[in-house]
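Read the structure below first, then the notes.
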2 protein chains.
Amino acid sequence: MTVSKTAEKTSEKPADAAKGRKDAAEPQSEALQLGELSEQLGYVLKRAQLKVFENFLRCMASLQLTPAQFSVLLLVEKNPGRNQTEIASTLGILRPNFVAMLDNLESRDLCARIRSTNDRRSHILVLTDKGKAVLARAKKLVATKHEARLNDLLGQANREALIAMLAKIANEF
Amino acid sequence: MTVSKTAEKTSEKPADAAKGRKDAAEPQSEALQLGELSEQLGYVLKRAQLKVFENFLRCMASLQLTPAQFSVLLLVEKNPGRNQTEIASTLGILRPNFVAMLDNLESRDLCARIRSTNDRRSHILVLTDKGKAVLARAKKLVATKHEARLNDLLGQANREALIAMLAKIANEF
DNA sequence: GATAATTGTTATGGACCATATCAAATATCG
DNA sequence: CGATATTTGATATGGTCCATAACAATTATC
């Protein structure tokens, strides 16, 4: 425990209205008070998630991978031979919405749909050689540029504690 | 040998494919391996955020308030006399998208737009009496049914540490 | 063999987010 | 002062993500 307290920054988008000031006659428009908002779990969770996704996209700009696409590649690599329904449902993606996603990945030759011989309804998913190579590069980028940033910000122990708590919320809330 | 039969239900959303099994002839389709996914910050953050919002909506079902609407009411209460641009930008909401949101809250008589006498372009935002009453009830619901659940799950100290870390990420990542 | 269930897919609508643009009001500056 | 630029709330619009219904092909069930 003992995590460094929050800082009153209000640097970027949130909480930033008053701009330049020259002749300060009176305290005209001041910064707004966040109040209880900064203690609301949902509020701070959502803001953190947006920042993390934003940073993820920057780190992956060279590979053009979104967080969702990255998660698909990771899961297919870890579980080769599964069909679309299994992969999608594991990620919480509805089957209809998974089609366009796969169309995209397949058109970029990152993964492939293969008709199953056992059940000719289903499409087995596998990574292509290019897909494996891209995923390997993606992993390095994520580790060195993305996840590493958490260590710089929170420290190794806090980082692990944070992930564990979030996983607990995701699974048991 | 390879994949034979698919799972029978695929009921839940996350990481849940194989359910009940009775006559276990062979280890047919098993649960998928999450692998490195469960350590990915963005993945676990997003999943936690979805769960928290989902629970928030359940807790607020009687008041019909979304997380975004709740945050607006909180901010307007804490900062009375501000205009739309200031409230919206503080919450990271773009001005065009804030209009419909206010139309909704105003139509429910929770807040009101008042033409400013100083600057007749801007609309000063205030909570109505009903808005104040609803917000007070919302706060109680959030505290007793929503935030309290975090304490049950993580404990008071961990809860505060989590909020602090998320705030730090939101502000400094 | 008739019926039900599953898989991938399409179509569609809603919620959320982002940009361009506008009229009214105000600020700025020659 | 008056011309121009800026600000505010608003509209229109498009994109992305999410959710449901429905369909053809295939398989399971009885």
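A, B, ... follow the sequence lines: proteins, then strands. Residue 1 opens every chain.
- In this structure, B/Asp103 places its CG atom 9 Å from C1' of D/dA10, rounding to the nearest Å.
- Out of C/dA25, C/dT9, D/dT27, the shortest distance to the side chain of A/Val99 is found at C/dT9.
- Between A/His123 atom NE2 and D/dT26 atom P there is a gap of 10 Å when expressed in whole angstrom units.
- Here the C1' atom of nucleotide C/dA23 and the CZ atom of B/Arg120 are 14 Å apart, to the nearest Å.
- Computed from coordinates, the B/Gln49 CD to C/dC16 C1' distance equals 12 Å when rounded to whole Å.
- To the nearest angstrom, C1' of D/dA19 lies 17 Å from CZ of A/Phe98.
- Between B/Leu94 and A/Leu102, the residue anchored closer to the 5' end of DNA chain C is A/Leu102, taking for each the nucleotide with the nearest heavy atom.
- In this structure the side chain of A/Ile114 never reaches within 4.5 angstrom of the side chain of A/His123, judged on heavy atoms.
- For A/Pro96, whose side chain is taken as the heavy atoms from C-beta onward, the closest listed nucleotide among C/dA25, C/dG8, D/dT20 is D/dT20.
- Atom pair A/Leu50:CG and D/dT16:C1' shows a separation of 14 Å (rounding to whole Å applied).
- Under the 4.5 Å side-chain criterion, counting only non-hydrogen atoms from C-beta, A/Leu162 is in contact with B/Ile169.
- Of the candidate nucleotides C/dG8, D/dA25, C/dA18, D/dA25 has the atom nearest to the side chain of A/Arg121.
- Regarding B/Asn118, its CG atom lies at a distance of 13 Å from the P atom of D/dG9, rounded to whole Å.
- One axis for each end of the helix from C/dG1-D/dC30 to C/dG30-D/dC1, each built from five base pairs, and the angle between them comes to 10° at 10° resolution.
- Residue A/Asn97 is classed as a base contact, given a heavy-atom separation below 4.0 Å to a base.
- Within the 6.0 Å centre-distance limit, the rings of A/Phe56 and A/Phe70 are counted as a close aromatic pair.
- For the pair A/Arg82 CZ and C/dT6 C1', the computed distance is 16 Å after rounding to whole Å.
- Here the side chain of A/Ser116 pairs no donor or acceptor atom with the backbone of A/Ile124 at under 3.5 angstrom.
- A sub-4.0 Å separation between OP1 or OP2 of C/dG8 and a side-chain N or O of A/Thr85 is present.
- Of all heavy-atom pairs spanning B/Thr90 and A/Tyr43, the tightest one is O-OH, 4.0 Å.
- Nearest to the side-chain atoms of A/Ser122 among the listed nucleotides D/dG9, C/dA11, C/dT7 stands C/dT7.
- Looking at heavy atoms from C-beta onward, B/Asn171 lies out of side-chain contact with A/Arg47 at the 4.5 angstrom threshold.
- Between B/Arg115 and C/dA24 there is no side-chain polar atom (N or O) within less than 4.0 angstrom of OP1 or OP2.
- Note on B/Arg95: nothing from the nucleic acid sits closer than 4.0 angstrom, heavy atoms only.
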Report, one line per pair, each donor and acceptor closer than 3.5 Å where one atom sits in a side chain of residues 130-140 of chain B; sequence neighbours left out.
unit_1, atom_1, unit_2, atom_2, d
B/Lys130, NZ, B/Arg108, O, 3.2
B/Lys139, NZ, A/Glu36, OE2, 2.7
B/Lys139, NZ, B/Glu77, OE1, 2.8

